[in-house]
Amino acid sequence: MTVLLDDPPFAPRDDRRFLDEMIALTEHHLRGCEPYRRIWPRWRTAESVEDLPFLHVGVFKNVLFQTEGAVHQRTLRSSGTSGAGASRIVLDEASSALQSRSSLAILTDLAGPERVPLLVLDHPGSLRVRGEIGARVAAAMSLKPLATEMSFLLAEPDDPASMKWDVVMDVLAGHEHIRVYGFTSILWLAWGAAAIPDDVRSAMRGRRIDFVHSGGWKKLEEAKVTRDQLDNALLADLAETARVVDYYGLVEQIGVIYPLCSAGVRHVPRWADVLVRDPFTLSTLEDEPGMLQLMNVLPIGAPYHSVLTEDLGRTVGGACPCGRAGKRFELIGRVPKAETRGCANV
């Protein structure tokens, strides 16, 4: 089990230790996953993270990777992908334990350690697909350890107009502090831009509501909705301590999320790393836009520990005003003509 999880997510780290763990993980998958070995048959070792092998994000739509020796449980399926198929990631017992620890540590740093009621902008039927779990529900379930209770708010799947405001009223009746999770576009349509009933709006006034969202800005950009508009609509008339937490993540990097801080950049936890590669040459770039390569030391049961995405970003140097240590980056957009992916906050 990785020792990198033993310290807070945004504490300084030993880069050599991270590289050693990534090398060991790569060797583990090369031994135990034949499709992965066919892609990287001649790889031997790495002198730096730039030398680590990776898989392009698109390959997970066509190949279900599994590494021998792991106790595989369910399959995680990407949400909102506009192409012909969804990415599928096999979840195993050991990795899931590490990924849960990772998500909890990062979300606690973002939203605080308080356990409060969690309202999820989804339908409970999303939990009932046998053998599979969608990215949207997986994101919501990562908040469950910080929840005293959990309620689903949509009466109809994927219909933001089917909000069960009576459930919101019931939870507000006994609590001054609650959390709400939703994919970005659903949160806007169901709550930010919705005609909230007068009695609910009155009950919300002065309460602390923490809104946590991920999953893509594409629909909001098409509707010309800015981040400030979303935040202002959600926080109107709430307590000063209410907040909006925006994070970026991928199904192919489950357990690792990249929060947007008050300085407007995204932070990389100490058990992960981000490189930027030139879209044409694949050489690494510093302080220039390129394709993001995301890495983490958590996946034991399948080789999704190093993934080249179709998201564009730029690393940011120097110390962050928010006080968090470690690497940080800006998320810029997507490679032209890349498909829209619901699990990426782009």
| Listed once per pair and sorted, the salt bridge (Lys or Arg N to Asp or Glu O under 4.0 Å) pairs that draw on residues 272-292, sequence neighbours left out | Arg13-Asp273, Asp273-Lys327
| message | Checking Asp14 now: which residues fulfil side chain to side chain donor-acceptor pair (under 3.5 Å) with it, not counting sequence neighbours? | response | none
| query | For residues 102-117, which residue pairs qualify under side-chain hydrogen bond (donor to acceptor under 3.5 Å, both in side chains), counting only residues two or more places apart or in two chains? | reply | Ser102-Trp271, Asp109-Arg324
| said: Assess the residue pair Ser151 and Leu119 against the criterion (side-chain contact (heavy atoms from CB on, under 4.5 Å)); give the C-alpha distance rounded to whole Å, side-chain angles, the decisive distance to 0.1 Å, and a yes or no. | reply: CA-CA 5 Å; Ser151 304; Leu119 306 182; 3.8 Å; yes
| task | Among residues two or more places apart or on two chains, list those pairs meeting side-chain hydrogen bond (donor to acceptor under 3.5 Å, both in side chains) that have a residue in residues 189-199. | result | none
| query | Taking only residues two or more places apart in sequence or in another chain, which ones pass ring-ring contact (aromatic ring centres under 6.0 Å, His included) with Phe329? | reply | Tyr258
| field | Nonpolar side-chain network containing Leu260, other nodes, edges under 4.5 Å | value | none
| message | Starting from Val316 and following side-chain heavy-atom contacts under 4.5 Å between hydrophobic residues (I, L, V, M, F, W, Y), which residues can be reached? | response | Val265
| Summary of salt bridge (Lys or Arg N to Asp or Glu O under 4.0 Å) pairs that have at least one residue in residues 148-159, sequence neighbours excluded | Arg136-Asp158
| note | Output for pair (Leu235 CG, Asp237 CG), nearest 0.5 Å, gives 10.5 Å
| query | By side chain to side chain donor-acceptor pair (under 3.5 Å), which residues pair with Ser185, not counting sequence neighbours? | reply | none
| task | Could you list who else is in Val71's hydrophobic cluster, with ILVMFWY side chains joined at under 4.5 Å, directly or through other members? | result | none
Let me check something: any side-chain donor-acceptor pairs from residues 169-178 under 3.5 Å, sequence neighbours excluded? List them with distances.
unit_1, atom_1, unit_2, atom_2, d
His175, ND1, Val171, O, 3.0
His177, NE2, Arg208, NE, 3.2
His177, NE2, Asp210, OD2, 2.8

| Selection residues 24-36 - residue pairs positive for side-chain hydrogen bond (donor to acceptor under 3.5 Å, both in side chains), sequence neighbours left out | Thr26-His305, His29-Thr67, Glu34-Arg38
| message | Within this structure, what is the CD1-NE2 distance for the pair Ile106 and His267, rounded to the nearest 0.5 Å? | response | 12.0 Å
